[in-house]
4 protein chains.
Amino acid sequence: MPAPNPRRTHSGNRRDEQARLAVLHAADDLLVEHGFNALTVEAIARRAGVAKQTIYRWWPSKVEVLLDTLIEDTAKRLPVPAQAATATDIRGYFRGFARFVTRDPAGQVLLALIAEAQHDPGTAKSLHARYLGPRRKQERDMLARAVEAGEISPSLGPDAVVDAIAGPVVYRALTGSSVPRGLVDALVDDVLRPSPG
Amino acid sequence: MPAPNPRRTHSGNRRDEQARLAVLHAADDLLVEHGFNALTVEAIARRAGVAKQTIYRWWPSKVEVLLDTLIEDTAKRLPVPAQAATATDIRGYFRGFARFVTRDPAGQVLLALIAEAQHDPGTAKSLHARYLGPRRKQERDMLARAVEAGEISPSLGPDAVVDAIAGPVVYRALTGSSVPRGLVDALVDDVLRPSPG
Amino acid sequence: MPAPNPRRTHSGNRRDEQARLAVLHAADDLLVEHGFNALTVEAIARRAGVAKQTIYRWWPSKVEVLLDTLIEDTAKRLPVPAQAATATDIRGYFRGFARFVTRDPAGQVLLALIAEAQHDPGTAKSLHARYLGPRRKQERDMLARAVEAGEISPSLGPDAVVDAIAGPVVYRALTGSSVPRGLVDALVDDVLRPSPG
Amino acid sequence: MPAPNPRRTHSGNRRDEQARLAVLHAADDLLVEHGFNALTVEAIARRAGVAKQTIYRWWPSKVEVLLDTLIEDTAKRLPVPAQAATATDIRGYFRGFARFVTRDPAGQVLLALIAEAQHDPGTAKSLHARYLGPRRKQERDMLARAVEAGEISPSLGPDAVVDAIAGPVVYRALTGSSVPRGLVDALVDDVLRPSPG
DNA sequence: GACTAATCGAGACGGTACGTCCCGTCTTCTT
DNA sequence: AAGAAGACGGGACGTACCGTCTCGATTAGTC
């Protein structure tokens, strides 16, 4: 009987994609609903209907589960524009970033991981290697294109520019303050216009 | 002149100051040496030579212990200048803040609490009520004096000004980047100079 | 105004009789109401309106508190008849003992102490020295008078006689069985009548 | 012939027999060596090389652990003779009981549980349901066979007969007195011979 | 009539055990 | 080989009492 049942069955000695997705979604949901401290491996397994061992087989820790969801969600919902080169594009990107960080569930995952990185060096390392580092590279590229095009001429270096805009946004999000749209625009104006000297 | 013995052990039904200090120092030391995740109430008690119950009697959680050390240490090592009114004073304050957050052990406590606030709403509430709120008020007052004196005329509101300068500093500290001295100065310049309009 | 307030006041450097009685009654009440395991020194102090230290000053342990109440209560409610010499007197005494052990609150104290003696050698020692020993002596004397008067001629020695009658009663009380009146009489008959030899 | 390995460590989601035995033996040893008050769940776990949770998973309290050892040990070392029908058999059984209660470590467990039953109603209930009740039924059956065979004709009912013989033995054991061999024989004689009426 | 001394209620202290939750590892049986 | 299930040794949680201690107050007997 070759016709394999597509619904909820193990696929022999291959990884079970349904289990993988169930874990990612369970982790995401638990984080949003009950916070990071309630996000235990046992709770994820319970919610996902999966054995604990299945989680430990594929992820070294709950942090890596979250990181997987963050990477997948960010690619979908907050891509760094690969062609953008104008000041307006950049402003738009950071507006999207503010929205992401304050309103998107995936933004909560990011904030939780930044927080956990502060508590655990392993998390810090992974977060940089798999998320912050690659992303920052794309952001630098975006800025470089705009500078080259003469669209902007910031007085700060590229990393400092991103930090000067993203930093306040993240800081306000971390401390539970809202991020008014005007703030992003003002930061962009302050940072990207050429220095008066 | 009875000269009450300052080195007694217990002090009856009054609080034992030596135990209080031992707990605060133990918490501080453990955080710096082994990180937040190793900072358990049991470890604090062990290190301080104190019973667990003594901790629970006076603090509802390890977070409040840290908050107490943070408040006391900040008052000593990073007071908001109460008279400051010049642009130079303000620049000096934020340079001190950057040093505090990246190099002072008490700064690590602050970062850990900001992180934990992201994981636990109770921490968030306490951190605002007992630390961030009062501190922010002093910072706003400092800025208000400088504006009144005609020293600065920022294009952003007072909270946004502080976030625009402190945000990048905290964000870089949280993500393990250094905070070059020049960055603070540049941020201050960008944010405090009058808008070009 | 010399008339000293008789209600609730310390008597200088002498022991406070009211505190003593409050402790004894609190211990008794707690045992009857909530059982031995709920009978903590803190609970006694709470219930008696007395400081813990006051208990520890006068009694080495909660067991000694109970022993004090047991001794006082037994003297009042189950004295060994000092003049008794007839078989009927003896039968009456053991009937009273069965009632004491199954229905009198002080009997519960006795059972609790016999039990605790099984758990703690110190309790065993105190219970014998202050209660079981002296009492057994009086019982032996009672039996000796009856033997001398020719009222009874048991085949067992005096200790064995008491154990043969009291033993089953205590055992049934300890295992929560009732002690029917007929049982005591039958035991007395079996044990006190001369052996057939 | 796979010959399943009997010396495995954990056995999956089935109960680990080695851990079970380690707990029973540790409890037994601790009771004998240090008494009931030193018999804490933590001490059992420590001694058995087992996690506390493993104990709580299978037993609701330390009392049930003891009860398990008592049931297993009594079955081995003091079975109620299932065929016995003569007066001599009965005398032999109660001699064995006296030895068990005064000299066998398992007898100490029984005494400790009778004692604890006095302190805690839950213990009383379990002790009856799982030990005293079933055992008493076997003892009644033994007596019934002897009566039917015309071997004995006691003046007391079957429960009273057992209590009249076992009661003094237990009582002396509980109060730390020895139980001389002659005592059991004399009790048996007094109780089992036909009443003189 | 102040002083001394012991007792009292109160409760903080260092400590042990409680019973629960979760960790990360393991073993079994099923698919 | 991967999965669900869940037992295992371990460690921390927050609570209850232990027995000791120090406090400030009250009250007797002594000088």
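Everything numeric here is computed off the predicted structure, so don't read it as measured data. Convention: sequence-line order gives letters A, B, ...; per-chain numbering from 1.
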Participant: Rounding to an integer number of Å, can you tell me how far C/Arg14 CZ sits from F/dT26 C1'?
Facilitator: 16 Å
Participant: Taking for each residue the nucleotide of DNA chain E bearing the nearest heavy atom, is the 5' side occupied by A/Ala43 or by B/Ala48?
Facilitator: B/Ala48
Participant: Taking the six-membered ring of C/Trp59, is NZ or CZ of C/Arg15 closer than 6.0 Å to its centre and within 45° of its axis?
Facilitator: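 Satisfied, under 6.0 Å and within 45°.
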Participant: Could you check B/Leu39 against D/Arg20 and say which one's nearest nucleotide on DNA chain F is further toward the 5' end?
Facilitator: D/Arg20
Participant: What is the distance, to the nearest angstrom, from the NZ atom on C/Lys62 to the C1' atom on F/dG19?
Facilitator: 13 Å
Participant: What is the distance, to the nearest angstrom, from the CZ atom on A/Arg15 to the P atom on F/dA4?
Facilitator: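 So the CZ-P distance, A/Arg15 to F/dA4, works out to 12 Å.
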Participant: Determine whether C/Val109 and C/Asp73 make a side-chain contact, defined as any pair of heavy atoms from C-beta on separated by less than 4.5 Å.
Facilitator: no
Participant: Map B/Val41 and C/Thr40 onto DNA chain F by nearest heavy atom, then report which one ends up closer to the 5' terminus.
Facilitator: B/Val41
Participant: Strictly below 4.0 Å, heavy-atom distances to any atom of DNA chain F: list the hits from residues 50-60 of chain B, or just say none.
Facilitator: B/Lys52, B/Gln53, B/Tyr56
Participant: Can you check whether C/Asp16 reaches C/Val50 side chain to side chain, under 4.5 Å on heavy atoms?
Facilitator: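 No, their side chains stay 4.5 Å or more apart.
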Participant: Could A/Glu72 and A/Arg20 be called an ion pair, given the rule that one side-chain N must be under 4.0 Å from one carboxylate O?
Facilitator: yes
Participant: What is the distance from CD of D/Glu42 to C1' of F/dG9, rounded to the nearest Å?
Facilitator: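 These atoms are roughly 14 Å apart.
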Participant: Could you tell me the separation between the CG atom of B/Asn37 and the P atom of E/dC22, rounded to a whole number of Å?
Facilitator: 16 Å
Participant: Do the side chains of A/Glu116 and B/His119 get nearer than 4.5 Å, heavy atoms only?
Facilitator: yes
Participant: Using atom CD of B/Glu64 as one end and atom C1' of F/dG14 as the other, report the distance to the nearest whole Å.
Facilitator: 16 Å
Participant: Can you find a pair of side-chain heavy atoms, one from D/Arg47 and one from D/Asp29, that are under 4.5 Å apart?
Facilitator: yes
Participant: Got B/Phe36 and B/Lys62 here, is their nearest side-chain heavy-atom distance under 4.5 Å?
Facilitator: yes
Participant: Between E/dT31 atom C1' and A/Gln18 atom CD, what is the distance in whole Å?
Facilitator: 14 Å
Participant: What is the distance, to the nearest angstrom, from the CD1 atom on C/Ile44 to the P atom on E/dA10?
Facilitator: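 C/Ile44 atom CD1 is separated from E/dA10 atom P by 16 Å.
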